[in-house]
Amino acid sequence: MSSPVISRRGLIKCAGAGLAAGAFPSSAVPNFRSAGSPVAISSANGLATVTHAVQRMTEDNLRPVSAAVEGVGIVEADPADRSVGLGGLPDEDGKVTLDAACMDGPTHNAGSVAAIQDILHPAQVAELVMDRTDHVNLVADGARRFALDHGFEATDLLTESTRKIWLKWRSRRTDDDRLWPLDDKEPVDSALQGEARPWGTIHCSALSPEGSLGCCTTTSGLAFKIPGRIGDSPLIGCGLYCDDGIGSAGATGRGEAAILSGGSWLVVERMRAGDTPEEACLHALRRVGEQAYKGSKWQPALWEDDRPSFGLTFYAVRKDGLYGSASMFGKPKFAVADGAGARLENCAIAFPS
Ligand code: ASP
């Protein structure tokens, strides 16, 4: 059976005619045409990231995965971002351990490092794992040694400010539950807006003017995690995934939920099935909601009224340049840059209040 060739305009027409998700039989793959202009999408902390990625793809012809890795490096090096790289919140022992991965659309290759310490730019190490080895994942000390062997310098990533936050958290810890005590309304740090267990990450998916794709996710993970815990960010198909013929996607938020749903893979597969990026992100979030175990005191769980108790956001860009993002609840934004410049836009919401 020959594949249908559907332009962006054609796809929008199909959607208008009520023919969107599930329009393509599983054996038929939509043949998206590149729109000829670059796009980079990221979490809201990535305005500079998407700006940089688009500029490097456009002016220097950098491949999308490298543009994304370079772009997230700006946030990795920012001590004010408590969720990534330098200044990221530590694990329960006060050690900053980082997870990062990248994926290259044209080669369908990927690299990742998990629970790596002392390395400022874990996403760059993940790119080296992808380019210079036939492995995909390196963890902990092996990942650190690989980075040092390739010339990365050991850097202390705990700042004076994150050390104080960690000490405060430790002094208030009451039992084996590492959550910030729920009845304690004093925020762990004003920048974290009173999150019980703060987290954050940056994901960037990039589309080149020629229509190839690449992506990267990098994080310090869940704050005060058990040493050795890794999240979704270094796991291909969970915190990021791309298929050069279809699109690219990634996640930020409660990593366990993105792992248990294979979230980023699911978003790309929904785009393959005909969803727009936003529809695909919403579909994945609703699937997470359906799958969440309803009786657990541990996250990811649902509130009693069937609403998720955890945040999760997906970001997606399709090969033809259409992009979108969706989040569990609230009024979050995402960052995007294209030929019209860089801006923040609103995420769609899966479980509106
Ligand atoms: N997804 C990351 C993790 O669970 C954290 C985050 O995005 O906030 O490690």
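Order of appearance sets the numbers: ligands from 1, and atoms from 1 within every ligand. Along the sequence shown, residues are numbered consecutively beginning with 1. Computed from a predicted model, the values in this text were never measured in an experiment.
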**Message:** Considering both backbone and side-chain atoms of Asp99, is one of its nitrogen or oxygen atoms within less than 3.5 Å of a nitrogen or oxygen in ligand 1?
**Reply:** no

**Asked** Should the ring pair Tyr241 and His108 be called parallel, tilted or perpendicular, given that the plane angle runs from 0 to 90° and is split at 30 and 60?
**Response** perpendicular

**Backbone or side-chain N or O of Gly231 under 3.5 Å from ligand 1 N or O** = no

**Where ligand 1 meets Leu222 - atom numbers and elements under 4.0 angstrom, heavy-atom basis** = 9 (O)

**Asked** Does the pair Asp91/Arg229 count as a salt bridge with the N-to-O cut at 4.0 Å?
**Response** no

**Asked** Can you list the ligand 1 atoms lying under 4.0 Å from a non-hydrogen atom of Gly221?
**Response** 9 (O)

**Request:** Compare all side-chain heavy atoms of Ile259 with those of Leu235 and state whether any distance is below 4.5 angstrom.
**Result:** yes

**Prompt:** Near Thr252, which atoms of ligand 1 are under 4.0 Å from a heavy atom of that residue?
**Reply:** 7 (O)

**Request:** Check whether any side-chain heavy atom of Tyr323 lies under 4.5 Å from a side-chain heavy atom of Asp338, and answer yes or no.
**Result:** yes

**Prompt:** Going by the atom numbers of ligand 1, which of them fall below 4.0 Å from some non-hydrogen atom of Asp232?
**Reply:** 1 (N), 2 (C), 3 (C), 4 (O)

**Prompt:** Any idea which of Arg229, Arg254, Lys225 brings a heavy atom closest to atom 3 (C) of ligand 1?
**Reply:** Arg229

**Asked** Would you call Asp141 and Arg145 a salt bridge, taking side-chain N to carboxylate O under 4.0 Å as the test?
**Response** yes

**Request:** May I ask you to decide whether Asp93 forms a salt bridge with Lys95, counting only side-chain N to carboxylate O separations under 4.0 Å?
**Result:** no

